[in-house]
**Q** 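Before anything else, here's the structure in question.
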Amino acid sequence: MRKEERLFAIILTFFIMALFWILLSGKFDAFHLISGLISCLIVAFLSHDLLVTKKTQKKLLKSVRLVRYIPWELWQIVLANIDVAYRVLHPKMPIDPRIIEFETSLRGEFSQVTLANSITLTPGTITIWVEPERGKFCVHAIAKEPADALLVDQTMQKKVAHVFMEG
C-alpha cells in the first residue's frame with residue numbers, strides 16, 4: 001500500500017471508530033473523549049488494513065455510503081426489537097422459528113461480513129454460516145416475516161450491495 005493510501009486508510013478507520021465511540025460510549029467528559037479518541041487512533045493505526053484492504057478509486061464513495069447505511073441499520077434494529085418484544089409478550093407467542101438459505105450477489109469479504117453482521121445485529125435473526133465463494137447465507141429467523149424480509153424483499157442485501165457497489 002502506498003503512503004497516501006495507507007494514510008487515507010488510517011484516517012478513514014479512525015473517523016469511523018471515533019464516530020462509533022462517541023455514539024456508543026455515552027460519556028462526553030474530556031477524560032473519556034480524549035481516552036476514546038487516543039484508543040481509536042491506536043487501533044486505527046494497527047488495524048487500518050482490515051477496513052481498507054485493496055486499492056480502489058471508490059473508497060470515499062463507499063465510505064460515505066457505509067456511513068449512510070448505518071442509520072438505516074440502526075432503525076431496522078429498533079423495529080426488530082419492537083417485533084421481537086411483541087412476539088414474546090403476545091399471549092399466543094407467534095413464534096415460528098425457521099432456518100433459511102439464500103444466495104446473494106455479494107462477493108467481497110467486507111460486504112459479506114457487513115451483511116452477516118447486519119443480519120445478526122437485527123433481533124430475531126442470526127447468521128449461522130456463510131459460504132463466501134457462492135455468496136450463500138444460512139440464517140435462523142424467529143418467524144416467517146423476518147425470514148421473508150431476507151428471502152423476498154431483500155432490502156438489506158440490496159442496501160449492502162449499493163454500499164459496496166456490488167451486484
**Q** Is there a side-chain contact between Pro97 and Ile142 (heavy atoms, below 4.5 Å)?
**A** no
**Q** Could you measure the distance from the NE2 atom of His48 to the CG atom of Leu7? Nearest 0.5 Å is fine.
**A** 9.5 Å
**Q** Please table the atom pairs, donor to acceptor, closer than 3.5 Å between any side-chain atom in residues 145-154 and protein atoms at least two apart or in another chain.
**A**
| from | atom 1 | to | atom 2 | distance (Å) |
| --- | --- | --- | --- | --- |
| Glu145 | OE1 | Arg87 | NH2 | 2.9 |
| Asp148 | OD2 | Lys144 | NZ | 2.5 |
| Gln154 | NE2 | Leu151 | O | 3.4 |

**Q** Is there a path of hydrophobic side-chain contacts, each under 4.5 Å between heavy atoms of I/L/V/M/F/W/Y residues, joining Leu121 to Ile128?
**A** no
**Q** Starting at SG of Cys40, measure out to CD1 of Ile16 and round the result to the nearest 0.5 Å.
**A** 11.0 Å
**Q** Taking only residues two or more places apart in sequence or in another chain, which ones pass side-chain contact (heavy atoms from CB on, under 4.5 Å) with Val88?
**A** Val84
**Q** Going through the distances and angles, do Leu106 and Val160 end up as a side-chain contact (heavy atoms from CB on, under 4.5 Å)?
**A** CA-CA 8 Å; Leu106 301 175; Val160 172; 3.7 Å; yes
**Q** Minimum heavy-atom separation for Gly135 to Gln112, with atom names?
**A** CA-NE2, 3.6 Å
**Q** What pairs with Phe45 under ring-ring contact (aromatic ring centres under 6.0 Å, His included), at least two apart in sequence or on another chain?
**A** none
**Q** From Ile10 CD1 over to Leu41 CG, what is the distance, rounded to the nearest 0.5 angstrom?
**A** 8.5 Å
**Q** Can you list everything that forms a side-chain contact (heavy atoms from CB on, under 4.5 Å) with Trp129? Sequence neighbours excluded, please.
**A** Glu101, Glu131, Lys136, Cys138
**Q** For residues 26-39, run the donor-acceptor check on the side chains, cut-off 3.5 Å, and write out each pair with its distance to 0.1 Å, sequence neighbours left out.
**A**
| from | atom 1 | to | atom 2 | distance (Å) |
| --- | --- | --- | --- | --- |
| Asp29 | OD1 | His32 | ND1 | 2.8 |
| Asp29 | OD2 | Phe31 | N | 3.4 |
| Asp29 | OD2 | His32 | N | 3.3 |
| Asp29 | OD2 | His32 | ND1 | 3.0 |
| Ser35 | OG | Phe31 | O | 2.7 |
| Ser39 | OG | Ser35 | O | 2.9 |

**Q** Quick check against the 3.5 Å criterion: does Thr13 have a side-chain atom that pairs as donor or acceptor with the backbone of Ala44?
**A** no
**Q** Applying the 4.5 Å side-chain criterion to the ILVMFWY set and letting contacts propagate, would Trp75 and Ile82 be lumped into a single cluster?
**A** yes
**Q** Just to verify, what does Glu103 make a salt bridge (charged side-chain N to carboxylate O under 4.0 Å, His left out) with, not counting sequence neighbours?
**A** Arg134
**Q** Quick one: OH on Tyr69 to CZ on Phe164, what's the gap to the nearest 0.5 Å?
**A** 8.5 Å
**Q** Counting C-beta onward and ignoring hydrogens, is there a side-chain heavy-atom pair between Leu12 and Phe8 closer than 4.5 Å?
**A** yes
**Q** May I ask you to decide if Ile77's main-chain N or O and Asn81's side chain share a donor-acceptor pair within less than 3.5 Å?
**A** yes
**Q** Specify the closest pair of heavy atoms between Val163 and Arg65, including all atoms of both residues, with the distance to one decimal.
**A** CG2-O, 3.6 Å
**Q** Could you work out, with side-chain hydrogen bond (donor to acceptor under 3.5 Å, both in side chains) as the rule, every residue matching Asn117, not counting sequence neighbours?
**A** none
**Q** According to salt bridge (charged side-chain N to carboxylate O under 4.0 Å, His left out), who are the partners of Arg98, at least two apart in sequence or on a separate chain?
**A** Asp96
**Q** Has Thr125 got a side-chain atom pairing as donor or acceptor with Ile119's backbone, closer than 3.5 angstrom?
**A** yes
**Q** Under 4.5 Å side-chain heavy-atom separation, chaining through any Ile, Leu, Val, Met, Phe, Trp or Tyr, what else clusters with Ile126? Say none if it is isolated.
**A** none
**Q** Is a donor from one side chain sitting under 3.5 angstrom from an acceptor on the other, for Ser111 and Glu166?
**A** yes
**Q** My understanding is that a hydrophobic cluster links ILVMFWY residues whose side chain heavy atoms are under 4.5 Å apart, including indirect links. Using that, what else belongs to the cluster containing Val113?
**A** none
**Q** Could you see if Val130 belongs to whatever hydrophobic cluster contains Leu115? Use Ile, Leu, Val, Met, Phe, Trp, Tyr and a side-chain cutoff under 4.5 Å.
**A** yes
**Q** Find out if a path of hydrophobic residues (ILVMFWY) with successive side-chain heavy-atom gaps under 4.5 Å connects Leu74 to Met156.
**A** yes
**Q** Please determine, by modelled atom types, if Glu73 and Thr122 share a side-chain donor-acceptor pair under 3.5 angstrom.
**A** yes
**Q** Does atom CZ (Arg107) have a neighbourhood of more than 12 heavy atoms from anything else shown, all under 6.0 Å?
**A** yes
**Q** Heavy atoms, side chains only, cut-off 4.5 Å: are Phe20 and Ile70 in contact?
**A** yes
**Q** Do any pairs count as a salt bridge (charged side-chain N to carboxylate O under 4.0 Å, His left out) and have a residue in residues 112-127, sequence neighbours left out, and if so which ones?
**A** none
**Q** In Å, rounded to the nearest 0.5 Å, how long is the span from OG1 of Thr104 to CZ of Phe102?
**A** 6.5 Å
**Q** List for me each residue that meets side-chain contact (heavy atoms from CB on, under 4.5 Å) alongside Val43, sequence neighbours excluded, and say none if there are none.
**A** Met17, Ser47
**Q** Any non-hydrogen side-chain atom of Ile42 less than 4.5 Å from a side-chain atom of Phe14?
**A** no
**Q** CZ of Phe137 to CD of Gln157: how many Å apart, nearest 0.5 Å?
**A** 8.0 Å
